[in-house]
Each structure stands twice: as structure tokens, then as C-alpha cells.
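Below is one structure; the comments refer to it alone.
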Amino acid sequence: MKSVIVSVPFEEGLHARPASEVSKLCQSFSSDIKFINGDIEANPKSTLGLLTLGATKGTEIKVEISGDDEAEALKAIEAFFQRKDLI
Amino acid sequence: MLINENLIDMNLEADTKEEAIKKLAQMAYKEGRVNDIDRYVEAVLKREAEYSTSVGFGVAIPHGKTDAVNEPFLGFAKVKGIDWSAPDEKPVDLVFIIGVPEAQAGNEHLKILAKLSRRLMKDDFRQLLRQASSKKDILAAVQEAVA
């Protein structure tokens with residue numbers, strides 16, 4: 001299992017286009033992925049799941065990944081939260 | 001109040017998502033929540049063009065933040081299976097629409113979305129929305145969800 005804490009850089013928080021895109025990104029990996037914000041845990045492969053997090057700009061999200069492609073998924077998710085084009 | 005019975009339509013006639021959005025916007029206009037239907041619809045459709053606001057499970061949550069909105073609102077309509085470019089490709093039959101004034105847009109609609117989504121994840125809530133035959137029942141369930 002791999003985990004990392006990322007901070008939401010998107011002006012409008014984690015919904016709308018960033019949510020739609022990170023969901024697609026997570027779906028491209030076979031690993032189990034969890035996004036955790038406080039006591040709320042969500043499956044980021046579902047857009048609805050991501051919205052339950054209510055993650056505003058600056059929110060720290062704990063990402064937990066376990067599965068065959070966890071290393072690649074970790075890299076890709078970390079890079080996603082650095083993206084400037086979605087801000 | 002974010003939502004009231006006048007912002008609920010139990011059987012909205014619409015063949016496309018554009019039509020559904022326009023009719024929901026008209027409801028909000030009649031309630032004084034929106035001051036310019038065209039500009040509000042334009043803001044909502046602009047988002048729709050960037051990504052689909054369908055969240056799966058037959059549910060879509062279009063929204064717009066614009067100064068064409070006077071005060072935050074939540075509208076709801078049941079429709080007859082509309083193609084909403086859903087991630088799971090299922091037609092949408094439950095539509096929630098959110099409007100937030102530009103100035104207030106920071107976190108307000110994210111909070112509404114988060115509360116609503118937590119409840120929508122639950123099968124029994126979706127079932128209740130689909131089976132309820134009175135606006136009163138829908139209103140009570142939705143108000144409790146976003147309280």
C-alpha cells in the first residue's frame with residue numbers, strides 16, 4: 001500500500017472539471033484507491049464519491065493506493081494535483 | 001430556504017439536457033432566485049460543455065455560479081431518461097440544479113454538493129426520490145439531506 005497527502009490547488013475546489021478528470025485518471029488504474037478528507041472516505045473512481053469529500057482549495061487529502069499498479073497511480077495522482085492548467 | 005415546493009417538478013417534460021436545464025431555470029426565475037434566465041442557462045451550459053455534470057446512478061447535478069443568481073437555490077426535477085453523457089452511460093432521470101451568486105460562489109455550492117452527494121450515494125435515498133409521489137415528501141428528504 002502506498003499513501004501520500006496532496007493539497008487541492010484548484011480555485012473552485014475538487015469538483016467540476018478537476019473532479020471529472022481525476023476520476024477518469026483513477027479509473028485508468030486497477031489498484032484500489034481511496035481519498036480521505038477527515039472522517040470522510042471516498043472512492044475517487046466515482047465522481048459522486050469525489051463530491052462527498054467537499055474538498056475546497058487548500059484541503060489536504062490523504063490518498064491511499066493498493067494494487068499492482070500502485071506506484072504508477074501514486075505518481076500520476078501526485079502529478080495531477082500539481083496541474084496548473086485546471087486551476 | 002435553499003429549496004421549496006415551487007423549485008420541485010415531479011414530472012418535467014424534457015427530451016434533452018438543455019431543455020431540462022432551461023425549464024429548471026424558469027422555475028428559479030419565477031421564484032426570484034434568478035434575475036436573467038438566459039445568462040444563468042448560459043453559465044450552466046458552459047460547464048456542461050466542459051464536462052458532464054452527470055454523477056452516475058441516473059443523477060445529474062448541473063450548476064452555475066453567476067451574478068444572474070440573486071440568492072442560492074437548489075431545484076429538483078424528475079425527468080424521463082435523458083442522455084446526459086453520463087460516465088456510466090445510464091440515462092438520467094433525477095436532476096438537481098444548483099445556482100449560486102458569483103460573489104458567494106467560493107465554497108457555497110461545494111458544500112451543497114457535498115451534502116447532497118453523501119445522501120445520493122445511498123440507494124434508499126435515490127429510491128425515495130424515484131418513488132415519492134408528493135412534492136412534500138421530496139422536499140422533506142432533500143431539506144434533511146442538505147441541512
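Below, read A as the first sequence line, B as the second, and so on, with proteins coming before strands; counting in each chain starts at 1.
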remark   = Cut-off 4.5 Å, heavy atoms of chain B, and the answer for A:Ala19 is neither

task = Check whether more than 12 heavy atoms from other residues, nucleotides or ligands sit under 6.0 Å from atom CG of A:Asp68, and answer yes or no.
result = no

task = Can you tell which part of A:Leu50 gets under 4.5 Å to a heavy atom of chain B, answering side chain, backbone, both or neither?
result = neither

request  = For atom CD of B:Gln143, decide whether the heavy atoms of other residues, nucleotides or ligands shown that lie under 6.0 angstrom number more than 12.
outcome  = yes

Any B:Met121 side-chain heavy atom under 4.5 Å of A:Thr52 side chain = yes

message = If you count heavy atoms of other groups shown closer than 6.0 angstrom to NZ of B:Lys135, is the number above 12?
response = yes

request  = Specify the closest pair of heavy atoms between B:Ala114 and A:Gly54, including all atoms of both residues, with the distance to one decimal.
outcome  = CB-CA, 3.6 Å

Gap between atom OH of B:Tyr51 and atom OG of A:Ser23 - 0.5 Å precision = 12.5 Å

ask   = Side chains of A:Leu48 and B:Leu120: closer than 4.5 Å at any heavy-atom pair?
value = yes

query = Between A:Ala16 and B:Arg47, which heavy-atom pair has the shortest distance, and what is it?
reply = CB-NH1, 3.5 Å

query = According to a 4.5 Å side-chain heavy-atom criterion applied to Ile, Leu, Val, Met, Phe, Trp and Tyr, with indirect links allowed, do A:Val4 and A:Ile61 form part of one hydrophobic cluster?
reply = yes

key: Minimum heavy-atom distance A:Thr56-B:Asn107, with the two atoms named   = CG2-OD1, 3.1 Å

task = May I ask you to check whether over 12 heavy atoms, not counting those of B:Glu5, lie within 6.0 Å of atom CD?
result = yes

remark   = When rounded to the nearest 0.5 Å, the distance separating OG1 of B:Thr53 from CZ of A:Arg17 is 15.0 Å

query = Which region of B:Arg118, side chain (C-beta onward) or backbone (N, CA, C, O), has a non-hydrogen atom less than 4.5 Å from a non-hydrogen atom of chain A, or is it both or neither?
reply = both

ask   = Which region of A:Leu51, side chain (C-beta onward) or backbone (N, CA, C, O), has a non-hydrogen atom less than 4.5 Å from a non-hydrogen atom of chain B, or is it both or neither?
value = both

CG on B:Leu113 to CG on A:Leu53, rounded to 0.5 Å = 12.0 Å

key: Crowding at CE, A:Met1 (>12 non-hydrogen neighbours, <6.0 Å)   = yes

request  = Could you state whether B:Phe96 and B:Phe57 fall into the same hydrophobic cluster, counting links through intermediate Ile, Leu, Val, Met, Phe, Trp or Tyr residues with side-chain heavy atoms under 4.5 angstrom apart?
outcome  = yes

ask   = Which of the residues B:Lys111, B:Lys115, B:His63 is involved in the greatest number of heavy-atom pairs with chain A at under 4.5 angstrom?
value = B:His63

message = Taking NZ in B:Lys22 as the centre, count heavy atoms belonging to other residues, nucleotides or ligands within less than 6.0 Å. Is the count above 12?
response = no

query = Do B:Leu74 and B:Tyr29 share a hydrophobic cluster, counting only Ile, Leu, Val, Met, Phe, Trp and Tyr and linking them when any side-chain heavy atoms are less than 4.5 Å apart?
reply = yes

